[in-house]
There are 2 protein chains.
Amino acid sequence: MRRDAVENREALLAAARIELNLDADAPLEAIAARAGLSRRSVYGHFATRDDLLRELITSGATRVAGAVAGVDHEHPVVRLALIASRLWREVEDIRVMAVFAVRGPLKGLTADALAPLRARVAEAIAEGARDGSVRGDIPVARLARLVEDAALSALAEASTDAMPGPAAHRLVMLLVLGTVGLSADAAAALIDSHPELDWS
Amino acid sequence: MRRDAVENREALLAAARIELNLDADAPLEAIAARAGLSRRSVYGHFATRDDLLRELITSGATRVAGAVAGVDHEHPVVRLALIASRLWREVEDIRVMAVFAVRGPLKGLTADALAPLRARVAEAIAEGARDGSVRGDIPVARLARLVEDAALSALAEASTDAMPGPAAHRLVMLLVLGTVGLSADAAAALIDSHPELDWS
DNA sequence: ATTATATTGCACACGACTGTGCAAGTTACG
DNA sequence: CGTAACTTGCACAGTCGTGTGCAATATAAT
């Protein structure tokens with residue numbers, strides 16, 4: 001295998017990440033173009049369109065899983081904020097997976113890939129609901145989905161509006177904490193009192 | 001014009017509302033089938049596919065505008081909750097428009113249709129930020145978009161999970177108020193202390 | 001330099017969907 | 001009734017996307 005071949009493969013994946021965020025079913029033509037290749041060449045790297053998507057989703061899932069893996073904290077709410085914080089680094093992958101979470105025949109794949117992350121979130125919420133640090137007026141499963149939505153809309157806002165890094169990072173945490181029941185002030189105080197939630 | 005003709009026209013619009021929520025670019029075949037018509041007949045009512053969508057969006061926008069028109073209250077936060085409350089009645093239309101708000105070539109149309117509603121929300125937020133009842137750590141325009149997202153995800157949750165009416169109605173308000181800075185408890189208290197926010 | 005490896009352009013088959021024309025059928029309505 | 005309004009089925013053209021075959025060309029690597 002040649003060096004430029006693997007570079008082009010990466011370029012295709014990167015291009016797909018961008019292009020699929022703009023249009024969930026962007027033609028291969030567009031993806032290839034952004035990668036500086038011809039449509040025909042795509043088939044030298046991926047047998048079918050679905051193969052490309054599959055690779056995007058699974059590789060994305062691994063990165064996300066890695067980013068969230070080390071997260072741990074005794075207070076479930078801080079844990080949620082930490083997860084949100086780590087997620088910020090993986091925006092592109094996250095958004096690609098979000099796009100396919102609802103639509104298309106790949107939604108099963110996406111769901112599987114995101115399962116571990118969702119489990120961690122649900123667990124933290126359940127724990128927080130038990131000790132009173134998280135609202136108890138919404139069933140855990142439903143609240144978990146809503147938290148996911150909140151994080152997603154913060155991430156979307158961050159990347160469409162080209163927010164400066166620290167602001168976007170903080171926004172994601174603020175929204176997650178707000179959804180979980182904290183007031184704006186309480187959320188801000190919590191973030192400021194925990195150095196591990198700082199922008200680094 | 002015959003009576004059954006206008007009935008079929010309505011049936012087509014209703015079918016489109018359902019089918020387009022399942023799949024944003026559902027084929028006319030599917031829509032026609034759900035309406036109990038043949039694909040060919042659709043063209044007896046709408047010149048093109050876009051005409052159908054246009055009608056859906058604009059008629060939906062008018063309903064929503066009407067629902068929100070009468071809303072007024074001295075406290076901006078209560079006003080936001082009221083808007084959220086009224087929105088709940090129009091879920092179906094809202095969701096169709098939400099689908100096309102992001103994707104598709106009609107997003108401009110949708111944006112225009114939703115403009116008045118967005119203006120009201122932004123205004124209430126700005127007013128609240130001035131008198132301190134709404135968080136001030138997020139720029140008004142951005143917060144308005146985030147509130148919109150929150151409402152949308154609540155509405156989505158409500159209609160996919162088949163929640164009972166009152167619960168869904170309350171959820172929409174809770175999420176909007178939470179996004180705007182209130183704690184879960186404060187939001188619940190506010191809703192309970194204002195009879196006009198009750199489920200009717 | 002020579003060779004294995006990649007990329008390209010073009011042609012083609014295939015499928016899904018839109019939009020149109022037209023003749024034959026069905027149904028509401030006066 | 002009987003007629004005008006509506007629906008249907010089918011055939012067809014046009015568009016856009018995928019996936020493949022192949023010959024020509026460019027490029028990395030030894």
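Computed from a predicted structure; not experimentally measured. Quick note on labels: first sequence line is chain A, next is B, and so on, each numbered from 1.
Relative to the side chain of B/Arg49, the nucleotides C/dT8, C/dG19, D/dT8 differ in distance, and C/dG19 lies closest. Ranking C/dT18, C/dA6, D/dT8 by closeness to the B/Arg40 side chain, first place goes to D/dT8.
Considering CG of A/Leu56 and CD1 of A/Ile31, their distance stands at 8.0 Å, rounded to 0.5 Å. Remark: B/Arg135 CZ to B/Thr179 OG1 distance equals 8.0 Å, nearest 0.5 Å. Rounding to the nearest 0.5 Å places OG1 of A/Thr160 at 11.0 Å from CG of A/Leu155.
The one candidate from B/Asp51, B/Leu52, B/Leu53 that meets the side-chain contact (heavy atoms from CB on, under 4.5 Å) condition with B/Arg49 is B/Leu53.
Rounded to whole angstrom, the span from the CD atom of B/Glu7 across to the C1' atom of D/dA5 amounts to 14 Å. With rounding to whole Å, B/Leu28 atom CG is found 7 Å from C/dG19 atom P. Atom pair B/Asn8:CG and D/dC6:P shows a separation of 10 Å (rounding to whole Å applied). To the nearest angstrom, C1' of C/dT7 lies 12 Å from CG of A/Leu12. Nucleotide C/dA6 holds its C1' atom 17 Å from the CZ atom of A/Arg39, rounded to whole Å. Summarising the geometry, the separation between CG on B/Leu52 and C1' on C/dC17 is reported as 15 Å, rounded to the nearest angstrom. Rounding to whole angstrom units, CG of residue A/Asp23 and P of D/dC16 are separated by 14 Å. Summarising the geometry, the separation between OH on B/Tyr43 and P on D/dC6 is reported as 19 Å, rounded to the nearest angstrom.
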At a cut-off of 3.5 Å, list every protein nitrogen or oxygen paired with a nitrogen or oxygen from nucleotides 25-30 of chain D, distance to 0.1 Å.
{"residue": "D/dT27", "atom": "O2", "partner": "A/Arg2", "partner atom": "NH1", "Å": "2.9"}
{"residue": "D/dA28", "atom": "O4'", "partner": "A/Arg2", "partner atom": "NE", "Å": "3.4"}
{"residue": "D/dA29", "atom": "OP1", "partner": "A/Arg3", "partner atom": "NH1", "Å": "3.2"}
{"residue": "D/dA29", "atom": "OP2", "partner": "A/Arg3", "partner atom": "NH1", "Å": "2.6"}

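In terms of heavy-atom proximity, A/Val64 sits nearest to A/Glu90 at CG2-CB, 4.0 Å. Here the closest non-hydrogen pair linking A/Met97 and A/Ala61 is SD-N, 3.8 Å.
Within the structure, every side-chain polar atom (N or O) of A/Ser41 is placed at least 4.0 Å from both OP1 and OP2 of C/dT7.
Each of A/His45 and B/Ala26 was assigned the nucleotide of DNA chain C with the nearest heavy atom; the assignment lying further toward the 5' end belongs to A/His45.
In the model, B/Asp185 has no side-chain atom that pairs as donor or acceptor with a side-chain atom of B/Ser183 under 3.5 Å.
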